[in-house]
Structures are given as structure tokens and as C-alpha cells.
Amino acid sequence: MSFNNLQLIAPILKALSHEGYTTPTPIQEKSIPVILQKKDLLACAQTGTGKTASFALPLLQLLYGQKQEPSHNPKVLVLVPTRELALQVSESFTAYGRYLPLKQVVIFGGVSQHNQVRALQRSVDVLIATPGRLLDLINQGYPLVEAISYLVLDEADRMLDMGFIHDVKRILARLPQQRQTIFFSATMPPEVQKLSDALLKQPVKIEITPPATTVDKIQQSVYHTEKPNKPALLLHVLQNAGAESTLVFARTKYGADKIAKSLNRSGISAAAIHGNKSQGARQTALGNFKTGKISVLVATDIAARGIDIDGMGYVINYELPNIPETYVHRIGRTGRAGASGIAVSFCDAEEQPYLKDIQKLINKTIPVVKGHPFEPASPQRTESAPSQPAADEKRKQHWKPKKTGHFHNRYKKPGQKTPAMRGDDR
Ligand code: AMP
């Protein structure tokens, strides 16, 4: 299969060749004909599958076909959950539409609306937006959605996870009924299913990456440990594996900052991205990570969602997510474009139930790394027989900090810091 078989027009084929794409990905192969036929689409696909092009290419083509119809206001609306994803989708439209006379504007919160509004005063074909800022502007009276004839809901599951459902519904109520709707979601929990049922008319359904299949390609492992030992365990894993291009997931913004600071103090260049960072700081961190200036990016789920980084080496779940689907989203960040990736998770006693839920969802038991220097004090917590390979046993004997550090944790008084923690708090 080549892009030439997909009935795409010459300027788009030229842009694809400019991008260096030769073969459509499975989601592109299936979605492009459906969208070109103006049918509603329900697609279950994650980032990394080429999903952006799978809707951007046919929509650019449909828009180009209607260019004669004069309209100042946007005809395509792409709703996305995060600013990062908004920027990425916008970059994709720019790249794929480089030989077409179509204009696009991207709007998101967290920055002044001035420039965005100015851009909207010119003629616009494609509007890419996060729900909050779009609703704000609609409520200020900007006629942004009256002419929409194509709606894309990208990463719908995340949109709901992030609590955007009310904003999304308010926006949807303003859209013309007569339109084509394209719905993308990595997972299909019941609320997402409900939203898609309400939105789509006789949709064609495409499922490209059921979570288990994606997850199967990724080499996963779990380190059981105790919470206070996680900073030292992270250092251990990064030093053993090579810290290049690692995405570390933290549950909280504060936690993400703390981890990044601790890594920097230990000589591993790291930056944190999360919702409290300015847009500029997030872009700088992302840029530095992409160019290899920093080795580790520590992110919260919301900040990391939709970030497209090619060639990510590792994903480390410093804390396990309490929503099992989030695990699938997170580890999907490694092993992009069909390459097999590596995902490492840390699991403390409190996180055992999360691990159980995750394993149930992905329908497999994640292999446990045994014999590492930061195993929990009580072996029964690991849910695995403590069989130590000889080599690991030997390594443990050579591991000095163990004696003064984590092994003493079980004896420490509440609030008393272990050497590992002191190192972290310095
Ligand atoms: P997405 O799933 O849309 O985030 O895309 C993931 C990555 O794959 C992006 O870096 C795209 O530029 C790239 N990509 C998308 N389609 C293709 C293709 N047909 N051939 C090669 N790379 C692609």
C-alpha cells in the first residue's frame, strides 16, 4: 500500500514526500478513505500510530475541494485536550498542507488571547483548540464555530479524564448539526462510548491498537520497592540503563519537580513539565529533551499527554497510575512507529492494587525485577518468591549503600530520613 492508492491529491502527496513518508500507517490506510467519503468515524488509536495525519490529510483535501465556497470562519474544528497536542496537531496541518492555500489557527489557554484573536480576524480554514480557551472566546462573542462542517475530537478519553466534558458539551451545543464528526480515543471506557454514541451518526468503526496489542510490543518490568527508596532506585535504573531520552512519570506536579531536582543534583540532566510551568518553560524543556540537551523529562500525565517525541528510550513509571488505562497511555510513549520500547515501573506497597488493575487490563503479568538493591524489606510484599540468582546476590553484597540506607528503612522512626532521602533533599 502506498499513499498513491488513497486518492489523495497531488499537493498533499508532494507534502508527504517532503515529510519523507512513503507508506501509510494502518490507521491512515483505514481512516483516509472513510473521511474522504464524508462518513463519521470512530477510531480507537493511540499517539504514535500516525493518527494525526489520518484525519489531517483527508480534511485538508475536503477543505481544498470546497475552497471556492467563500467563508471567513473556520470549517474544521479539531478539539484536543492539551496545549502541547494542539501545537503538534497544528504543526502537522502546516506540514501536510504546505502546498495548499489553506489557513489554520491554534488556540489554547495559559497564554494571552491577544495574538490568537488577531489571527482569528483573518480568514481561517482550520481551527485547532483546547476546550477551555475556545469556550472562552465563543462566550466573548467570536463567531468561531458557526461554520464548522468537520469536527475532530482528538484523544477523547483524555479530554474526559481531564474534566473537560462540560466544556466540550457546551461547545458541541454551538456547532451546526449538519457536519461530519471524527472521534479519536486511545481507550473506550463507558463514558467515552456514551459521548461517541451521542455525537456520531452511523460511524465507521476502526480499532487499530487495542491496548493489549500495543503493550505487547513494549518490554515491561516492575521493580517492587518501598516509597522512600524510589529516588535511589531511579538513579540506579538510570545509571544502569543509560539515562538517554527517558520519560519519567510522576503523579503530582510537586513530585515531578522534586524528582527533576534530585536527578540534576546527581549529575543527570533533567527537567520537569507540568501544568504549573509556563507554556514557554514547557516548550523549552521539550525542545531541550528532543535535542538531547537534557536526558530525562519528568512529567505529569496531563503534561505528557500527546507529546510526540521520536525515539524515546525509556518510560519510567516512578509512581503507578491509579487508572489502569493511564498506564497504557504512558508506556505508549516508548516504542513509537512500531519500534519496541522499554517501560519500567516502580511499585510500592500502597501501589500493589494499581498494579493488579493494570495487569488485569493488559491481560498479562508484568515481569518482576528481582535482586535489585532496593527491594522491599519484607519479601511477601513483592508477591513473588524471593529466589535470588547468584550473580544478583553477589552484586547485592557489593552494594554498600544498602547497608546504611534502604535496609535500615524498616527500622527508621517516622519522619526520620534515610541516607537516600537525605541525598534527595539536599
Ligand atoms: P501521531 O500518531 O499522529 O502522533 O504520529 C506519530 C509520528 O509518526 C509523528 O512523528 C508523525 O510525523 C509520524 N508519521 C505519521 N505518519 C507517518 C507515515 N506514514 N510514515 C512515517 N512517519 C509517519
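In what follows, every heavy atom counts, from backbone to side chain, and hydrogens, waters and symmetry copies are set aside. The structure displayed is predicted, hence computed values, not measured ones. Indexing begins at 1, ligand by ligand and atom by atom, following the structure's order.
Here is the list of ligand 1 atoms found below 4.0 Å of a heavy atom in Thr52: 1 (P), 3 (O), 4 (O). The atoms of ligand 1 that sit less than 4.0 Å from any heavy atom of Gly50 are 1 (P), 2 (O), 3 (O), 5 (O), 15 (C). For ligand 1 and Thr23, the ligand atoms under 4.0 Å from any heavy atom of the residue are 18 (C), 19 (N), 20 (N). Atoms of ligand 1 lying under 4.0 Å from at least one heavy atom of Phe3, given by number and element, are 19 (N).
With sequence neighbours excluded, no residue forms a ring pair (Phe, Tyr, Trp, His ring centres under 6.0 Å) with Phe108. The salt bridge (charged side-chain N to carboxylate O under 4.0 Å, His left out) test applied to Lys293 returns no partner, not counting sequence neighbours.
Taking the ring centre of Tyr99 as origin, the terminal cationic atom of Lys14 falls inside the region bounded by 6.0 Å and 45° from the ring axis.
Between the side chain of Asp40 and the main chain of Lys201, a donor-acceptor pair closer than 3.5 Å is present.
For Gln88, no heavy-atom contact with ligand 1 is shorter than 4.0 Å.
Rounded to the nearest 0.5 angstrom, Gln28 CD and Lys30 NZ are separated by 13.0 Å.
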